[in-house]
Amino acid sequence: MKWFDSFFEQKTRMAAQGISRRSALSRIGRAVVGAALILPILPFDRVAREAHAAPKDKRNDDTACEYWRYCALDGWLCTCCGGTISSCPPGTEVSKVTWVGTCHNPNDGRDYLISYNDCCGATSCGRCLCNFNEGERPGYRMGVHNDVNWCMANSNNSYHCTVAAVVGTAESPRAR
Ligand code: ABN
């Protein structure tokens with residue numbers, strides 16, 4: 001191993017004669033700064049971080065069946081069909097009769113009366129079919145049954161989708 005020691009001793013001496021301490025430090029410094037500039041633009045995999053991001057609260061997403069106003073909606077969501085939460089898509093008209101349910105708003109802890117008007121005059125939208133039935137009862141109690149085509153009283157009875165408009169606040173049973 002003697003040859004090994006003398007080989008490296010010779011190389012080290014040559015390097016020490018050729019490069020001053022100041023220039024060696026400046027080379028090391030440049031390498032560190034260069035690495036700091038390049039590393040942030042390398043293509044890091046950020047998918048894993050996004051996968052752990054907080055999931056969107058579906059109770060506040062009016063294109064999801066779990067949206068709080070849809071607690072008793074049976075039909076296609078107009079928000080997926082070119083309309084909004086309370087207006088029919090262009091080319092359709094709002095039903096003259098409707099079914100009113102009661103839904104709890106998780107944002108303020110209050111109960112609201114929701115009118116589930118159908119939008120009429122075009123064939124079934126076919127997007128975002130939802131079926132939640134809070135407070136709903138079977139067909140022999142028509143007044144509290146939601147599985148009905150509310151376009152029945154319109155000139156064109158074709159059902160397209162359903163909106164969910166707030167029409168009032170509901171009284172809590174305990175307050176009566
Ligand atoms: N109110 C929505 C709907 C329309 C047609 C048939 C059943 C339910």
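First listed ligand is number 1; within each ligand, the first listed atom is number 1. Both backbone and side-chain heavy atoms feed into the values below; hydrogens, waters and symmetry mates do not.
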Engineer: Would you say the SG of Cys128 sits less than 2.5 Å from the SG of Cys65?
Structural biologist: no

Engineer: Which ligand 1 atoms, with their elements, are less than 4.0 angstrom from a heavy-atom of Asp118?
Structural biologist: 1 (N), 2 (C), 4 (C)

Engineer: Checking side-chain hydrogen bond (donor to acceptor under 3.5 Å, both in side chains) against Thr162, which of Asp118, Thr98, Asn146 comes through?
Structural biologist: Asp118

Engineer: Give me the residue, atom name and distance of the protein heavy atom closest to atom 1 (N) of ligand 1.
Structural biologist: Val148 O, 2.7 Å

Engineer: Is Gly75 close to ligand 1, meaning an N/O of one under 3.5 Å from an N/O of the other?
Structural biologist: no

Engineer: Salt bridge or not between Arg59 and Asp57? Use side-chain N to carboxylate O under 4.0 Å.
Structural biologist: yes

Engineer: Search all heavy atoms of Asp62 against all heavy atoms of Leu77 and return the closest pair with its distance.
Structural biologist: O-CD1, 4.0 Å

Engineer: Within a strict 4.5 Å, meaning less than it, do heavy atoms of the Ser158 and Cys151 side chains meet?
Structural biologist: no

Engineer: When you measure from atom 2 (C) of ligand 1 to every protein heavy atom, which one gives the shortest distance, and what is it?
Structural biologist: Asp74 O, 3.1 Å

Engineer: Check whether the ring centres of Tyr112 and Trp68 lie less than 6.0 Å apart, and answer yes or no.
Structural biologist: yes

Engineer: Students should be able to answer this: which protein heavy-atom is nearest to atom 7 (C) of ligand 1, and at what distance?
Structural biologist: Asp147 OD1, 3.2 Å

Engineer: Mind checking whether Asn149 contacts ligand 1 via backbone (N, CA, C, O), side chain (CB onward), both or neither, at a 4.0 Å heavy-atom cut-off?
Structural biologist: both

Engineer: Under 4.0 Å from a heavy atom of Trp150: which atoms of ligand 1 are those, numbered in the order shown and with their elements?
Structural biologist: 1 (N)

